[in-house]
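Here's the structure we're looking at; comments come further down.
Residue indices begin at 1 and follow the sequence shown.
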Amino acid sequence: MKLLRVGPVGQERPVVLDEAGNLRDIGEPDIDGAFLASGGVARVRAALDRGDLPIVAEEGLRVGAPVARPGKIVCIGLNYRDHAAESGAEPPAEPVVFMKAADTMVGPYDEVLVPRNSVKTDYEVELAIVIGKRARYLESREEALEVVAGYAVANDVSEREFQLERGGQWDKGKSCETFNPLGPWLVTADEVGDPQSLSLRLWVNGELRQDGDTKNMIFDVAEIVRYLSQFMVLEPGDVINTGTPAGVAMGMPGQPYLRAGDVVELEIEGLGRQRQTVGQA
């Protein structure tokens with residue numbers, strides 16, 4: 001099942017995409033942690049099967065991020081061997097963990113802003129995990145997969161100078177406004193199937209920059225969730241960005257970083273496609 005939120009910023013309403021491609025209104029509550037934790041997905045599926053959900057006229061509707069108000073966005077760095085190599089780093093022995101401000105999350109077609117004084121704004125197509133149940137000290141991979149509500153496309157936009165050359169931790173190069181487009185859909189885990197068999201691609205101005213597959217992750221989805229639960233409590237609605245394959249601007253000849261006017265498009269197999277025009281903060 002594909003869940004999404006449509007409408008102006010701050011006024012999005014939750015809908016579900018049916019098999020015919022129609023948007024259907026699922027009513028209250030919003031798609032957030034409480035919805036996921038209280039069996040909201042099962043209730044929507046049952047209502048959709050009964051034909052109880054009215055069609056929403058979608059022409060001209062903005063698509064927002066498919067999850068409202070995540071408590072946190074947790075990110076895993078250097079999680080593809082080819083990306084670690086292009087970054088000049090050894091593959092990590094344990095997941096590299098950093099946090100991204102939750103208010104960086106925007107819709108999949110919203111404008112991405114190059115921060116003021118930025119010269120190294122970069123893109124990263126990533127598989128995002130959305131947590132559906134509270135998780136702490138998980139003991140097995142099976143338990144880890146049981147707390148996953150679903151998956152989405154994320155663009156982990158990064159400012160490399162802020163991240164790597166200005167001292168401190170990575171967070172300040174990752175938490176600028178608009179730096180986490182998410183969506184268009186939250187695709188439930190049962191529909192995705194094996195999360196380690198998904199192709200992911202990104203283009204800038206029509207040029208293919210990233211072309212990878214989640215099978216090449218160093219730490220897979222189950223291990224990421226299990227590992228994180230040893231260090232923090234994962235709450236329903238939390239988002240985890242799982243790393244990016246090679247092809248980021250930082251690792252390319254000439255380092256073609258993003259500039260105002262660029263168009264970024266990205267997709268993950270079965271999870272939909274994003275498109276952002278780059279602006280200036």
Is any side-chain heavy atom of [X] less than 4.5 Å from a side-chain heavy atom of [Y]?
{"X": "Trp170", "Y": "Cys75", "value": "no"}
{"X": "Leu202", "Y": "Glu265", "value": "no"}
{"X": "Val264", "Y": "Val112", "value": "no"}
{"X": "Glu126", "Y": "Leu266", "value": "no"}
{"X": "Ile73", "Y": "Asn180", "value": "yes"}
{"X": "Ile31", "Y": "Ile26", "value": "yes"}
{"X": "Glu111", "Y": "Val278", "value": "no"}
{"X": "Glu177", "Y": "Phe179", "value": "no"}

### Query
Should Asn155 and Gln276 be marked as a side chain to side chain donor-acceptor pair (under 3.5 Å) after you check the CA-CA gap, both sets of side-chain angles, and the distance that decides it?
CA-CA 10 Å; Asn155 186 356; Gln276 297 111 31; 3.0 Å; yes

### Task
Would you please test Arg201 and Leu208 for side chain to side chain contact (heavy atoms under 4.5 Å, CB included) and show each step?
CA-CA 7 Å; Arg201 300 182 181 87; Leu208 181 63; 4.1 Å; yes

Do [Y] and [X] meet the salt-bridge criterion of a basic N to acidic O distance under 4.0 Å?
{"X": "Glu12", "Y": "Arg62", "answer": "yes"}
{"X": "Glu267", "Y": "Arg273", "answer": "yes"}
{"X": "Lys174", "Y": "Glu159", "answer": "no"}
{"X": "Arg43", "Y": "Glu28", "answer": "no"}
{"X": "Asp32", "Y": "Arg5", "answer": "no"}
{"X": "Arg141", "Y": "Glu143", "answer": "no"}
{"X": "Lys2", "Y": "Glu191", "answer": "yes"}
{"X": "Glu235", "Y": "Arg134", "answer": "yes"}
{"X": "Asp156", "Y": "Lys100", "answer": "yes"}

### Message
As a quick check of understanding, evaluate side chain to side chain contact (heavy atoms under 4.5 Å, CB included) for Val130 and Leu36, giving each step before the final call.
### Response
CA-CA 9 Å; Val130 179; Leu36 296 171; 3.8 Å; yes

Drop me the distance from [X]'s [atom1] to [Y]'s [atom2], to the nearest 0.5 angstrom.
{"X": "Leu145", "Y": "Arg226", "atom1": "CG", "atom2": "CZ", "value": "12.0 Å"}
{"X": "Arg209", "Y": "Asp211", "atom1": "CZ", "atom2": "CG", "value": "14.0 Å"}
{"X": "Leu23", "Y": "Leu61", "atom1": "CG", "atom2": "CG", "value": "7.5 Å"}
{"X": "Phe162", "Y": "Thr121", "atom1": "CZ", "atom2": "OG1", "value": "7.0 Å"}
{"X": "Leu200", "Y": "Ile268", "atom1": "CG", "atom2": "CD1", "value": "5.0 Å"}

Do [X] and [Y] share a hydrophobic cluster, counting only Ile, Leu, Val, Met, Phe, Trp and Tyr and linking them when any side-chain heavy atoms are less than 4.5 Å apart?
{"X": "Val67", "Y": "Val148", "result": "no"}
{"X": "Tyr123", "Y": "Val106", "result": "no"}
{"X": "Val157", "Y": "Val119", "result": "no"}
{"X": "Leu4", "Y": "Leu53", "result": "no"}
{"X": "Tyr80", "Y": "Ile224", "result": "yes"}

Donor-acceptor pair, distance only, cut-off 3.5 Å: does the side chain of [X] make one with the backbone of [Y]?
{"X": "Gln210", "Y": "Val125", "result": "yes"}
{"X": "Thr277", "Y": "Val263", "result": "no"}
{"X": "Lys120", "Y": "Gln163", "result": "no"}
{"X": "Glu269", "Y": "Ser199", "result": "yes"}
{"X": "Thr214", "Y": "Ser197", "result": "yes"}
{"X": "Asp213", "Y": "Asn216", "result": "no"}
{"X": "Asp49", "Y": "Ala46", "result": "no"}
{"X": "Thr104", "Y": "Ser175", "result": "no"}
{"X": "Ser229", "Y": "Ala135", "result": "no"}

### Task
Could you pull out all residues at least two apart from Arg166 that satisfy salt bridge (Lys or Arg N to Asp or Glu O under 4.0 Å)?
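Arg166 satisfies salt bridge (Lys or Arg N to Asp or Glu O under 4.0 Å) with no other residue.
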
Please determine whether the number of non-hydrogen atoms from other residues, nucleotides or ligands lying under 6.0 Å from atom [atom1] of [X] exceeds 12.
{"X": "Lys215", "atom1": "NZ", "value": "no"}
{"X": "Asp190", "atom1": "CG", "value": "yes"}
{"X": "Glu165", "atom1": "CD", "value": "yes"}

Which atom pair, heavy atoms only, marks the closest approach of [X] to [Y]?
{"X": "Leu78", "Y": "Ile218", "result": "O-CD1, 3.5 Å"}
{"X": "Ser87", "Y": "Met250", "result": "OG-CE, 3.6 Å"}
{"X": "Pro66", "Y": "Gly183", "result": "CD-CA, 3.7 Å"}
{"X": "Pro181", "Y": "Pro108", "result": "CB-CA, 4.5 Å"}
{"X": "Asn241", "Y": "Ala128", "result": "OD1-CB, 3.8 Å"}
{"X": "Val15", "Y": "Val56", "result": "CG1-CG2, 4.0 Å"}

### Query
Can you tell me if Glu161 and Ser118 form a side-chain donor-acceptor pair at under 3.5 Å?
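Short answer, no.
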
### Task
Show your reasoning for whether side chain to side chain contact (heavy atoms under 4.5 Å, CB included) applies to Val225 and Ile240.
CA-CA 8 Å; Val225 174; Ile240 304 170; 4.2 Å; yes

### Query
For Leu127, which of Asn79, Val192, Val221 qualifies under side-chain contact (heavy atoms from CB on, under 4.5 Å)?
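By the side-chain contact (heavy atoms from CB on, under 4.5 Å) criterion, Leu127 pairs with just one of Asn79, Val192, Val221: Val221.
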
### Task
If a pair satisfies ring pair (Phe, Tyr, Trp, His ring centres under 6.0 Å) and one of its residues is in residues 180-223, list it, with sequence neighbours excluded.
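Every candidate ring pair (Phe, Tyr, Trp, His ring centres under 6.0 Å) pair involving residues 180-223 fails, so no pair, neighbours aside, qualifies.
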
#### Entry: Check against side chain to side chain contact (heavy atoms under 4.5 Å, CB included), Arg24 and Leu48
CA-CA 8 Å; Arg24 292 187 176 269; Leu48 186 63; 3.7 Å; yes

### Task
Show the numbers, then the answer: is there a side chain to side chain donor-acceptor pair (under 3.5 Å) between Gln230 and Tyr137?
CA-CA 5 Å; Gln230 311 306 308; Tyr137 298 112; over 6 Å; no

### Member of Asp103, Asp171, Asp238 meeting the salt bridge (Lys or Arg N to Asp or Glu O under 4.0 Å) criterion with Lys72
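Of the listed residues Asp103, Asp171, Asp238, the salt bridge (Lys or Arg N to Asp or Glu O under 4.0 Å) partner of Lys72 is Asp238.
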
